Each structure stands twice: as C-alpha cells, then as structure tokens.
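Quick caveat, the model's predicted, so the values are computed rather than measured. Indexing begins at 1, ligand by ligand and atom by atom, following the structure's order. Computed over heavy atoms, backbone and side chain alike; hydrogens, waters and symmetry mates excluded.
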Amino acid sequence: MSRPSPVLGALDAVLDKVVPAGYSSIGPALRRRWWPADPPAHALVGKHVLVTGASRGLGLAAATDLARLGAVVHLLGRDQSRLDEAAAGLRLAVPNADVRPETCDVSDLDAVRAYATRTLEQVPALHALIHNAGVMPEERSESAQGIELTLATHVVGPLLLTELLRPALAAADDSRVLIMSSGGMYSAPLNAALADDLQYREGTYRGIRAYARTKRLQVLLGEQLATRLAGDGVVVHSMHPGWAATEGIAESMPGFARAIRPILRDARSGADTLVWLTAAPEATATTGLFWSDRHPRSTTYLPWTTEDPVLRRKVWDAVAALAGIDHAPA
Ligand SMILES: NC(=O)c1ccc[n+]([C@@H]2O[C@H](COP(=O)([O-])OP(=O)(O)OC[C@H]3O[C@@H](n4cnc5c(N)ncnc54)[C@H](OP(=O)(O)O)[C@@H]3O)[C@@H](O)[C@H]2O)c1
C-alpha cells in the first residue's frame with residue numbers, strides 16, 4: 001500500500017482527531033491527494049457482492065459503485081418495494097448492472113437463516129459480504145427473537161449471516177467481510193457496564209447511546225471474525241464513513257444534520273472506503289482493522305488505550321450465544 005510522506009501522514013492523523021475536519025467533506029477532499037489508488041476499473045467483474053441496508057443511503061451508494069466495477073450486486077433490505085425502487089435507480093445509473101434486490105431483515109435470525117439457505121443454493125462463491133444495515137430507534141424495542149433491536153441489527157444478525165455464508169465466502173478468492181460501524185463508537189468504550197448489559201435493560205434507554213454501544217461492538221465483532229475466518233482465507237475489516245448526507249442521518253439526528261449540512265459528505269463519498277475495501281487488492285494484505293478514508297485508524301480515541309481481554313471474551317461469548325453459534329475461540 002502506498003504511504004503518504006511523514007508530513008502528510010501527520011496531517012492525516014491530525015484530521016482523524018479533529019473530528020469536524022476529518023469526518024466532514026474536508027477529510028476526503030484533503031486525503032484523496034495521498035490516499036491509495038482507486039481499484040482497477042473492472043476489479044469485480046462477475047463477482048458476487050452482498051450489501052445489507054442497500055435500499056437507500058450509504059448502502060445504495062456503495063452498491064452503485066460496486067456495480068460500476070462489474071460486481072453482481074445483491075441488495076438487501078426489509079421491504080421489497082423499496083429495494084425494487086433502489087434497484088431501478090441503480091440500473092439507470094449503471095445500465096448493464098446485474099443487481100438483485102432481495103428481502104432479508106437482518107435483525108430477525110429466522111429470516112437470516114432462510115435467506116442464507118437460499119443464497120448458498122444460488123451463489124457458490126461470494127466475494128464480499130457487507131454489513132451496512134443500521135438503525136437508531138428512539139425507544140427500546142426488540143427483534144423477532146426478543147433481542148434489543150440495535151444489538152440484533154448491528155451485531156447478532158450480522159454474526160449469524162456471516163457464519164452461515166462462510167462456505168460461499170471460503171469458496172471465493174480474496175473474499176472479504178466488511179462492517180460499517182460509526183465514529184460514534186469512540187464515545188462508547190468496551191467497559192464492564194456495556195459487557196454486563198448488552199441488551200440495554202438498565203437505565204434510561206437513549207437511541208443514540210444504544211447506537212454507539214452496538215457500533216463499538218461491531219468493531220469487536222470485526223476483530224473476532226477476522227481471527228475466526230482467517231483459516232478460510234477471508235479477511236474482515238470494519239470502518240466508519242465520516243458524516244454523510246443520507247435519509248438515515250436526517251431522520252435520526254435532524255438538528256445535527258441541519259447544522260453541519262454545508263460540510264456533510266455526499267453518500268458516495270461516505271461509501272468510498274467501503275467500495276475501496278471491497279475491490280482494492282491492498283485490502284487483503286491485512287485483516288481485523290478499523291478504517292476510514294482508505295486508511296486504518298485506532299479503535300480507541302487514545303491509541304494507547306487497551307481493552308480488557310476478559311471483557312472482550314465475555315462479550316464475544318454472549319453475542320455468539322445470542323446468534324446460536326458455537327463458542328469456539330474466535
Ligand atoms: N450517514 C452517516 O453519516 C453515517 C455515519 C456513521 C455511520 N453510518 C452507518 O452507515 C450505515 C448506513 O447508514 P445510512 O446513513 O445510509 O442509513 P439509512 O439511510 O437509514 O439506511 C439504512 C439502511 O439499512 C436498512 N435496514 C435497516 N434495518 C434493517 C434490517 N433489520 N435489515 C435489513 N436492512 C435494514 C434500511 O432499509 P429498509 O428500511 O428498507 O429495511 C436502509 O437501506 C449504518 O450502519 C450507519 O450506522 C452512517
């Protein structure tokens with residue numbers, strides 16, 4: 001991977017810590033001067049890529065650019081008509097795209113099992129599984145299996161879907177699992193309070209807090225899956241997109257989205273690193289890292305902070321139990 005000069009590298013690191021600069025459209029505007037090259041134009045021709053949460057926002061923007069690179073793109077969401085509309089728009093943008101809108105509520109473990117069974121029959125080799133679906137409910141609610149909704153959507157469902165699609169991932173060369181987390185995870189360290197109450201039953205529920213906690217857990221999930229899937233030749237990375245103009249951010253945080261509208265990235269720019277990690281050969285040189293703007297970042301705001309391995313193990317065991325997968329070491 002190409003590296004910026006020491007001066008540009010230092011500037012890049014400063015942008016990472018000065019959140020409004022690094023997360024806004026200023027981040028990629030500067031960093032594109034030194035970040036690694038775009039993937040080859042036909043990098044994904046004929047390769048199957050599955051994007052959850054692809055009916056709008058960052059998922060749809062990523063799916064569109066993945067189709068431009070030649071991928072067969074599976075668009076996943078909860079509503080077939082929204083997916084069909086998204087697929088129609090994508091085909092207008094990329095006329096020869098092979099795009100397949102498919103319903104699967106990733107928070108519902110029965111739906112995930114049924115979807116994975118169908119997919120394994122139809123897709124023998126999966127180049128990339130992209131966990132992008134995201135929610136920030138105002139009130140505490142639960143999935144079909146009674147799991148707190150942000151935990152089910154961001155962590156438990158993605159873990160089960162990954163586990164079930166392992167044979168297809170293992171059958172592809174250079175395959176990847178990518179997890180769209182959020183910079184909001186920096187506000188939710190992995191501590192005993194989180195590990196003891198993964199389902200947010202204690203205290204007053206705040207959607208933004210539930211979101212940040214489960215976005216933190218997604219980073220841990222990426223690290224654990226990286227170890228678990230290494231023997232299959234599958235790499236796993238998580239990332240954050242900065243702040244991007246989507247319906248999701250406008251609905252979940254309307255005041256914030258309005259205040260920073262002039263410097264929000266567009267959805268395509270927010271999805272850039274996801275597309276790059278899916279298509280660039282360099283992304284398979286490492287595994288288990290956390291990225292933004294095509295560069296690995298620290299997973300804690302203070303890079304020297306370390307997470308307690310006992311808590312990490314406890315969380316992994318609990319999440320694996322909820323997903324109904326074996327507790328074998330990650
Ligand atoms: N935009 C930002 O600035 C920003 C910043 C940090 C992180 N992110 C992350 O980026 C991802 C995409 O965000 P966005 O802003 O594009 O959000 P968005 O506009 O709200 O889109 C979310 C997508 O997820 C789908 N979805 C929600 N729950 C689902 C479920 N249970 N199963 C399947 N699909 C589901 C939605 O489709 P249906 O409703 O049709 O099912 C929709 O396509 C999220 O994970 C978010 O946390 C975004």
(message) For atom 42 (C) of ligand 1, what's the nearest protein heavy-atom neighbour? Residue, atom name and distance, please.
(response) Ser55 OG, 3.6 Å
(message) Any carboxylate oxygen within less than 4.0 angstrom of a Lys/Arg side-chain nitrogen, looking at Asp12 and Arg33?
(response) no
(request) Check Trp276 against Trp291 and note the closest heavy-atom contact, atom names and distance. (result) CZ3-CZ3, 3.6 Å
(message) Quick test of your reading of the model: are Asp317 and Lys314 salt-bridged, counting only N-O distances below 4.0 Å?
(response) no
Under 3.5 Å donor-acceptor pairs involving side-chain atoms of residues 116-126, not counting sequence neighbours:
unit_1: Thr117; atom_1: OG1; unit_2: Arg113; atom_2: O; d: 2.9
unit_1: Thr119; atom_1: OG1; unit_2: Tyr115; atom_2: O; d: 2.9

(message) Are any of the N/O atoms on Ile249, whether in the backbone or the side chain, positioned under 3.5 angstrom from an N/O atom of ligand 1?
(response) no
(request) For atom 15 (O) of ligand 1, find the nearest protein heavy atom and state the residue, atom name and distance (0.1 Å precision). (result) Thr246 OG1, 2.5 Å
(request) Give the atoms of ligand 1, by number and element, whose distance to some non-hydrogen atom of Asp105 is under 4.0 Å. (result) 30 (C), 31 (N), 32 (N)
(request) Identify, by atom number and element, the atoms of ligand 1 in contact range of Met180, meaning under 4.0 Å from any of its heavy atoms. (result) 9 (C), 10 (O), 11 (C), 45 (O)
(message) Looking at Arg265 and Asp293, is there a salt bridge between them, counting it only when a charged N and a carboxylate O are closer than 4.0 Å?
(response) yes
(message) Check whether Arg294 reaches the backbone of Thr273 with its side chain - one donor and one acceptor, N or O, closer than 3.5 Å.
(response) no
(message) Among all the protein's non-hydrogen atoms, which is closest to atom 32 (N) of ligand 1, and how far away is it?
(response) Val106 N, 3.0 Å
(message) Tell me the contacting part of Pro241 for ligand 1: side chain, backbone, both, or neither, using a 4.0 Å heavy-atom threshold, strictly below.
(response) side chain
(request) For atom 35 (C) of ligand 1, find the nearest protein heavy atom and state the residue, atom name and distance (0.1 Å precision). (result) Ala133 CB, 3.5 Å
(message) Between Glu102 and His74 (side chain of the first, backbone of the second, donor and acceptor by atom type, cut-off under 3.5 Å), is there such a pair?
(response) no
(request) Look at atom 3 (O) of ligand 1 and say which protein heavy atom is nearest, naming residue and atom and giving the distance to 0.1 Å. (result) Ala244 N, 2.7 Å
(message) With respect to Asn132, determine whether any N or O atom, backbone or side chain, lies less than 3.5 Å from an N or O atom of ligand 1.
(response) yes
(message) Counting only heavy atoms closer than 4.0 Å, does ligand 1 sit against the backbone of Arg265, its side chain, both, or neither?
(response) neither
(message) Regarding Glu307 and Arg216, does a basic nitrogen lie under 4.0 Å from an acidic carboxylate oxygen?
(response) yes
(message) To check your reading of the model: name the closest protein heavy atom to atom 13 (O) of ligand 1, its residue, and the distance in Å.
(response) Leu58 CD1, 4.1 Å
(request) Identify, for atom 39 (O) of ligand 1, the protein heavy atom at the shortest distance, and state residue, atom and that distance. (result) Arg78 NH2, 2.8 Å
(request) Note the single closest protein heavy atom to atom 46 (C) of ligand 1, along with its residue, its atom name and the distance in Å. (result) Tyr211 OH, 3.4 Å
(request) From atom 5 (C) of ligand 1, work out which of Gly242, Ala62, Gly270 has a heavy atom at the shortest distance. (result) Gly242
(request) Please identify which atoms of ligand 1 are closer than 4.0 Å to at least one heavy atom of Trp243. (result) 3 (O)
(request) Check each heavy atom of Ser181 against ligand 1 and say whether those closer than 4.0 Å belong to the side chain, the backbone, both or neither. (result) backbone
(request) Can you sort out which atoms of ligand 1 are near Ala54, meaning under 4.0 Å from one of its heavy atoms? (result) 43 (O)
(message) Only heavy atoms of Cys104, strictly under 4.0 Å: list the atoms of ligand 1 that pass.
(response) 32 (N), 33 (C)
